[in-house]
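Quick note: numbers below take in every heavy atom, side chains included, and nothing from hydrogens, waters or symmetry partners. We name chains A, B, ... by the order of the sequence lines, and we start the count at 1 in each one.
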There are 2 protein chains.
Amino acid sequence: MKKDATTEEKIKEAAKQVFMAKGFAGCSSREISKAAGMNVALVNYYFRSKSQLFKIIFETAMEDFVTSMMTVFSSDQSIENKMRIFIDREFEFLSKHPELPVFIITEMNREEGCSIDHACFFEKIAASGIFNECAQAQAEGKMREINILSLTLLIMSNCQYPIMAKNLMQGIHGISDEDYTSNLLLHKQNVTDMLVNYLFPINSKTTK
Amino acid sequence: MKKDATTEEKIKEAAKQVFMAKGFAGCSSREISKAAGMNVALVNYYFRSKSQLFKIIFETAMEDFVTSMMTVFSSDQSIENKMRIFIDREFEFLSKHPELPVFIITEMNREEGCSIDHACFFEKIAASGIFNECAQAQAEGKMREINILSLTLLIMSNCQYPIMAKNLMQGIHGISDEDYTSNLLLHKQNVTDMLVNYLFPINSKTTK
DNA sequence: AACTATTTTAAACACTTGTTTAAAACATAT
DNA sequence: ATATGTTTTAAACAAGTGTTTAAAATAGTT
């Protein structure tokens, strides 16, 4: 009987994979324990309940989600460069964690999901000052003056939806996984150009 | 005992509400039958199984989803006007069916969901000729020359994500349902302007 | 009204689920 | 080696699940 954290970590890792793929309701404690190669009773021994385990996994996912954005926010760059880098980073991050946006959005839409306190995560974004920075750039005429929610939506829609709707798009266009992935790289350039074009019209003549 | 279709319709309607809100795995036959005010055995009597009922609901949802787009495709308008109308229609349609995109995307991501034949729905989109029409407009220099998948993604990302990520956005920006809904109307204009700006650069000086 | 067909109901069934329990196995301390 | 603490296992438990079954209720036909 090993006293180290291996069992707990194994269950957490398995839970992360299974919960992200199937959501809370879509998988059982037994499925998770089987994926971890551990006895099902250990879910309760280490995490007290399936719900508690889920809470931990969800919060870690939110943390990763927010952290993937934060590194750009605090960098010493113009707001336009920040957006360019943000888009690059987001496409790269999501190519490695493709289930993340769907997971977060669907579990936030779930009633029980809403009971998990998300405020701490979102406050980090606000605390980064990125929204103030955007408002400042707008006031100085460096960026199109649209409201901050709309700005967030324009950027995040174009970064996250292509990953989320992969299967839908493959169905509509009849293309393979490989083709979709390679097309995403090209698409990222279109996203960047379009957003720069619209949000930074003064500078956007360089992108045709 | 009534011989009309009321029972069957009641169960279908209840199933639509519950499946769309919670997905296949997130609700039970008993929950659906309770929502319909009917006995649980009737799910099997009328639809043979929970799975078959789900298949019918999902296919109807796909039909609605595709139909919401098709009316614009076949109209006699310029490709730019079609896109403008498409955006209008999509925002309006999704304001009435906010669970639809998340439902379709998550159930398409589910393993069993992929076994449902979606090809017939997607073929309708291709058969509408809208993709050919876009290619033609691009060849004639009326529209930016980007690949059709990228075009689909740019448009659909900006129409659907704002609805899907409502709870996430409300969390990040700390706003209420009412505020979010009213902001979406403003956002739609930004979406239209941005897309026209990028896809129809020759015509886009009228949108600033 | 009697017979037949259909719909509905409630119980039963076999299985799954999250959780608890108690014992076995292992680790640590003396 | 013994005692104590921790981890793991497997069984048991109560509740939930999708489905089936048989009877009751209703509808339709003669």
Item to complete: Determine: side-chain N/O of Thr7(B) to OP1/OP2 of dT7(C), distance under 4.0 Å, yes or no.
Response: no
Worksheet entry | Pairs involving residues 25-35 of chain A, ordered by first then second residue, that meet salt bridge (charged side-chain N to carboxylate O under 4.0 Å, His left out) (sequence neighbours left out) | Lys22(A)-Glu31(A)
Fill in: Pairs satisfying ring pair (Phe, Tyr, Trp, His ring centres under 6.0 Å), at least one member in residues 152-171 of chain B, at least two apart
none
Discussion item. Holding to salt bridge (charged side-chain N to carboxylate O under 4.0 Å, His left out), I want the full list of residues that pass it with Asp88(A), two or more places apart in sequence or in another chain.
Written reply: Lys188(A)
Response to the item:
Protein-proximity profile, nucleotides 11-23 of chain D, B/S/- by nucleotide at the 4.0 Å heavy-atom cutoff, equals -B----BBBB---
Worksheet, complete the sentence: From the candidates dT8(D), dT9(C), dT7(C), the one with an atom nearest any side-chain atom of Tyr46(B) is dT7(C)
Fill in: Value in whole Å for how far the C1' atom of dT8(D) lies from CD of Glu8(A)
15 Å
Worksheet, complete the sentence: Sorted by chain and number, sequence neighbours left out, side chain to side chain donor-acceptor pair (under 3.5 Å) with Asn190(A) holds for Ser150(B), Tyr198(B)
Worksheet item: Atom CG of Leu42(B) to atom P of dA10(C): distance rounded to whole Å?
Response: 11 Å
Discussion item. Whether Arg89(A) and Glu92(A) form a salt bridge (side-chain N of Lys/Arg under 4.0 Å from carboxylate O of Asp/Glu) is what I want to check.
Written reply: no
Worksheet, complete the sentence: Sequence neighbours excluded, the answer for salt bridge (charged side-chain N to carboxylate O under 4.0 Å, His left out) partners of Asp76(B) is none
